[in-house]
Amino acid sequence: LVMVNGKVTVGHLFAGYLRTNVRTLENWEQGRGKPNAQAALLIRMVQRFPDTVRRLAELGVADVGENRDQEAAPKASACHDVDVRWHFIGQLQTNKVRMVRPVTYLLHSLDRERLAAAWVKGPGRPPPVLVEVNIGEEPQNGGVAPDRAGDLIRSAIDLGLEVRGLMAIPPQMPEPD
């Protein structure tokens, strides 16, 4: 993606790659006989502008992810007329839930009971969640420890949250020789 004269342009290679991936997901869903299967191409929107979201939507992207709590609501508001679903994919402090929850389709980073309790608060049914598991048990990364994931899932369900699954990023492995 490139900004030219204040407008977002998408290179032909990227646009073709994106269209191919969207078509692949659509074909996969149809082949399984599930027109609304649970697979989605999620585009991470870190340091991207609303024009980018509009252009990506034109290319068939339906799901975008934001990992900065202070940018989630302003970006979603600036794109209120674009038919995309906003996912929150970053670490979230409990005092920032009020900003993020109203614009979120799916929270990808539920990692503690305090966050689950905060996510439940507010008007209407809270958006569903993925429990983030720190499968590498790396202290610098977020996520619940694998041996505590079951407890967190039970707590979240007991609070009334819809837990749709897990989100985990494996530890970075060294390049093979």
Side-chain angles (χ1 to χ4, degrees), residues 1 3 6 8 18 36 38-57 59 61-173:
L1 303 175
M3 284 288 260
V8 175
L18 191 55
N36 293 317
Q38 294 297 316
L41 177 65
L42 178 66
I43 304 294
R44 184 173 175 229
M45 295 308 300
V46 176
Q47 298 181 348
R48 300 285 186 242
F49 301 96
D51 284 350
T52 306
V53 175
R54 285 183 172 74
R55 182 68 179 117
L56 291 170
L59 293 170
V61 171
D63 296 274
V64 294
E66 177 58 61
N67 75 335
R68 296 180 183 203
D69 52 44
Q70 70 274 17
E71 293 183 22
K75 283 182 183 175
S77 177
C79 297
H80 70 277
D81 57 332
V82 181
D83 189 20
V84 295
R85 296 179 294 207
W86 288 88
H87 298 244
F88 192 78
I89 59 175
Q91 296 301 302
L92 185 59
Q93 299 173 11
T94 55
N95 64 336
K96 307 289 183 168
V97 166
R98 276 179 274 134
M99 292 186 318
V100 172
R101 185 180 181 263
V103 299
T104 300
Y105 170 76
L106 178 65
L107 174 68
H108 290 237
S109 54
L110 183 69
D111 62 356
R112 60 196 182 284
E113 290 179 16
R114 281 187 53 221
L115 180 56
W119 195 251
V120 169
K121 295 178 183 175
R125 183 157 171 74
V129 300
L130 299 177
V131 170
E132 181 179 2
V133 182
N134 185 342
I135 59 175
E137 299 189 60
E138 299 169 302
Q140 73 274 17
N141 291 338
V144 63
D147 62 339
R148 298 215 49 247
D151 293 336
L152 179 55
I153 291 168
R154 280 187 286 284
S155 294
I157 291 170
D158 288 347
L159 286 168
L161 290 175
E162 178 187 347
V163 178
R164 289 208 179 153
L166 305 176
M167 190 284 284
I169 299 174
Q172 205 163 21
M173 304 302 282

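Atoms considered below: every heavy atom in the structure, side chains included; atoms not considered: hydrogens, waters and symmetry mates. Small disclaimer: the values here were computed from a predicted structure and weren't measured.
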Quick check: do Pro126 and Leu161 have side-chain heavy atoms less than 4.5 Å from each other?
yes
Going from [atom1] on [X] to [atom2] on [Y], what distance comes out if it is rounded to the nearest 0.5 angstrom?
| X | Y | atom1 | atom2 | result |
| --- | --- | --- | --- | --- |
| Ile153 | Leu166 | CD1 | CG | 5.0 Å |
| Leu152 | Arg112 | CG | CZ | 10.0 Å |
| Leu130 | Arg164 | CG | CZ | 8.5 Å |
| Leu107 | Leu115 | CG | CG | 6.0 Å |
| Gln70 | Lys75 | CD | NZ | 9.0 Å |
| His87 | Asn67 | NE2 | CG | 14.0 Å |

For residues 138-149, which side-chain N or O atoms pair as donor and acceptor with protein atoms under 3.5 Å away, sequence neighbours left out?
residue: Glu138; atom: OE1; partner: Asn141; partner atom: ND2; Å: 2.7

Taking all atoms of both residues into account, what is the closest heavy-atom pair of Ala57 and Val82, and its distance?
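Minimum heavy-atom contact is CB-CG1, 3.5 Å.
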For residues Val163 and Ala156, report the shortest heavy-atom separation together with the two atoms involved.
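What the structure gives for the nearest pair is CG2-CB, 3.8 Å.
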Where the side chain of Trp86 meets the backbone of Val100, is there a donor-acceptor pair that is under 3.5 Å apart?
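Checking the backbone N and O of Val100 against the side chain of Trp86, no donor-acceptor pair under 3.5 Å is found.
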For Asp81, side-chain hydrogen bond (donor to acceptor under 3.5 Å, both in side chains) partners two or more places apart:
Arg54
Identify each donor-acceptor pair in which a side-chain atom of residues 88-95 lies under 3.5 Å from a protein atom, sequence neighbours left out, and give them as a table.
residue: Gln91; atom: NE2; partner: Glu132; partner atom: OE1; Å: 2.8
residue: Gln91; atom: NE2; partner: Glu132; partner atom: OE2; Å: 3.4
residue: Thr94; atom: OG1; partner: Arg114; partner atom: NH2; Å: 3.4

Worked verdict on Arg125 versus Glu162 for side-chain contact (heavy atoms from CB on, under 4.5 Å):
CA-CA 10 Å; Arg125 183 157 171 74; Glu162 178 187 347; 3.9 Å; yes
